[in-house]
Amino acid sequence: MTKEIGVDIGGTKLEAVVLEGSRPLVRKRCATHAEEGYEKILDRVVTLVHDVATEADVRTPCKIGVGAPGSMRPDGTMKNCNTQCLNGRELRSDLGQLLGIQVALANDADCFALAESTMGSGTGFRTVFGVIMGTG
């Protein structure tokens with residue numbers, strides 16, 4: 001079974017997890033430090049990904065999934081992020097270049113609702129409604 005890496009970018013914390021199927025192998029969390037700017041967030045995400053990959057013995061992931069506040073415009077820039085330094089930036093592209101791998105990026109609330117409806121407490125129900133209450 002392949003190991004996959006996911007990252008959650010939040011207003012106050014970053015979290016990375018290595019999954020084997022739906023089973024978490026390694027999970028690490030650190031402060032976002034958004035007040036220090038966009039490059040600081042990129043640096044912290046890259047460090048976090050390398051840390052969990054090393055601990056889980058993931059040599060070269062083929063891609064990584066990222067849940068981020070806001071959404072991505074067709075031109076690849078972020079919009080409507082409560083972590084405001086992400087707005088107008090090409091987060092997916094920048095992380096891909098820094099990590100040297102393909103990055104899949106989606107809205108963090110959408111990721112939560114999809115996960116709950118397919119693997120969580122909403123499994124088997126026709127309709128699932130998620131409520132997210134975070135720092136935003």
Side-chain angles (χ1 to χ4, degrees):
M1 188 170 287
T2 61
K3 296 176 184 173
E4 299 173 341
I5 298 176
V7 174
D8 178 29
I9 298 176
T12 57
K13 62 98 181 141
L14 302 171
E15 187 166 0
V17 63
V18 177
L19 297 171
E20 190 168 52
S22 61
R23 185 174 65 97
L25 299 177
V26 176
R27 179 176 299 205
K28 288 194 181 270
R29 174 184 268 201
C30 68
T32 303
H33 291 298
E35 70 280 358
E36 295 181 35
Y38 180 70
E39 286 75 19
K40 183 68 170 184
I41 292 175
L42 292 178
D43 180 56
R44 293 182 71 77
V45 169
V46 169
T47 299
L48 199 55
V49 167
H50 287 297
D51 288 351
V52 296
T54 299
E55 192 170 325
D57 197 29
V58 176
R59 294 186 193 346
T60 310
C62 59
K63 73 177 174 180
I64 183 170
V66 175
S71 59
M72 193 168 51
R73 292 184 180 104
D75 69 359
T77 60
M78 298 297 293
K79 68 175 185 171
N80 300 326
C81 301
N82 66 321
T83 305
Q84 294 183 0
C85 64
L86 300 177
N87 288 318
R89 305 306 288 262
E90 294 184 20
L91 180 60
R92 181 181 65 183
S93 174
D94 292 342
L95 283 173
Q97 287 178 348
L98 290 169
L99 291 166
I101 55 176
Q102 180 184 354
V103 172
L105 187 138
N107 174 268
D108 54 357
D110 290 346
C111 292
F112 156 75
L114 181 61
E116 282 299 323
S117 68
T118 59
M119 302 183 313
S121 59
T123 303
F125 291 93
R126 200 174 107 215
T127 303
V128 175
F129 177 77
V131 177
I132 293 83
M133 297 172 65
T135 53

What's the spacing between [X] [atom1] and [Y] [atom2] if we round to 0.5 Å?
| X | Y | atom1 | atom2 | value |
| --- | --- | --- | --- | --- |
| L95 | Q102 | CG | CD | 13.0 Å |
| D108 | N82 | CG | CG | 7.5 Å |
| T83 | Y38 | OG1 | OH | 12.0 Å |

_side-chain contact (heavy atoms from CB on, under 4.5 Å) partner of L99, the single match among I64, L42, I5_ =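 The option that passes is I64.
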*Could you state whether V66 and L114 fall into the same hydrophobic cluster, counting links through intermediate Ile, Leu, Val, Met, Phe, Trp or Tyr residues with side-chain heavy atoms under 4.5 angstrom apart?*
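No, because V66 and L114 fall into different hydrophobic clusters, even though each may have its own neighbours under 4.5 Å.
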*asked:* Please tell me whether I132 and V7 are part of a single hydrophobic cluster in this structure, the criterion being side-chain heavy atoms less than 4.5 Å apart.
replied: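 They do not share one cluster, since no chain of ILVMFWY contacts under 4.5 Å joins I132 to V7.
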Distance-minimising heavy-atom pair for [X] and [Y]:
| X | Y | value |
| --- | --- | --- |
| K3 | A56 | NZ-O, 2.9 Å |
| S22 | M119 | CB-SD, 4.2 Å |
| G67 | C111 | CA-SG, 4.1 Å |
| K28 | D51 | CD-CB, 4.1 Å |
| C81 | L86 | SG-CB, 3.8 Å |
| A68 | M78 | CB-CE, 4.2 Å |

Hey, does the side chain of [X] reach the backbone of [Y] with a donor-acceptor pair shorter than 3.5 angstrom?
| X | Y | answer |
| --- | --- | --- |
| T77 | R73 | no |
| R27 | E15 | no |
| T32 | G10 | yes |

_Any salt bridge linking D8 with R29? Criterion: basic side-chain nitrogen under 4.0 Å from a carboxylate oxygen._
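Result for this pair is no, no salt bridge flagged.
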_Between D94 and R92, does any side-chain N to carboxylate O distance fall below 4.0 Å?_
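Salt bridge: no.
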*Kindly check if the number of other-residue, nucleotide or ligand heavy atoms within 6.0 Å of CD (Q84) is above 12?*
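No - once you tally the heavy atoms of other residues, nucleotides and ligands closer than 6.0 Å, there are 12 at most.
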*Verify the neighbour count for atom NZ of K63: are there more than 12 heavy atoms of other residues, nucleotides or ligands below 6.0 Å?*
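No, the 6.0 Å shell around NZ holds no more than 12 heavy atoms from other groups.
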*Evaluate side-chain contact (heavy atoms from CB on, under 4.5 Å) for V18 paired with E20, printing each intermediate quantity in order.*
CA-CA 7 Å; V18 177; E20 190 168 52; over 6 Å; no
_Test log, rule side-chain contact (heavy atoms from CB on, under 4.5 Å), inputs L91 and I9_ = CA-CA 11 Å; L91 180 60; I9 298 176; 4.0 Å; yes
*asked:* Is any side-chain heavy atom of E39 closer than 4.5 Å to one of R89?
replied: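 With C-beta onward as the side chain, the pair touches.
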_Evaluation steps, side-chain contact (heavy atoms from CB on, under 4.5 Å), between V128 and T123_ = CA-CA 9 Å; V128 175; T123 303; over 6 Å; no
*Who else is in the cluster with L19 when I, L, V, M, F, W and Y are joined by side-chain contacts under 4.5 Å?*
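V17, listed by chain and number.
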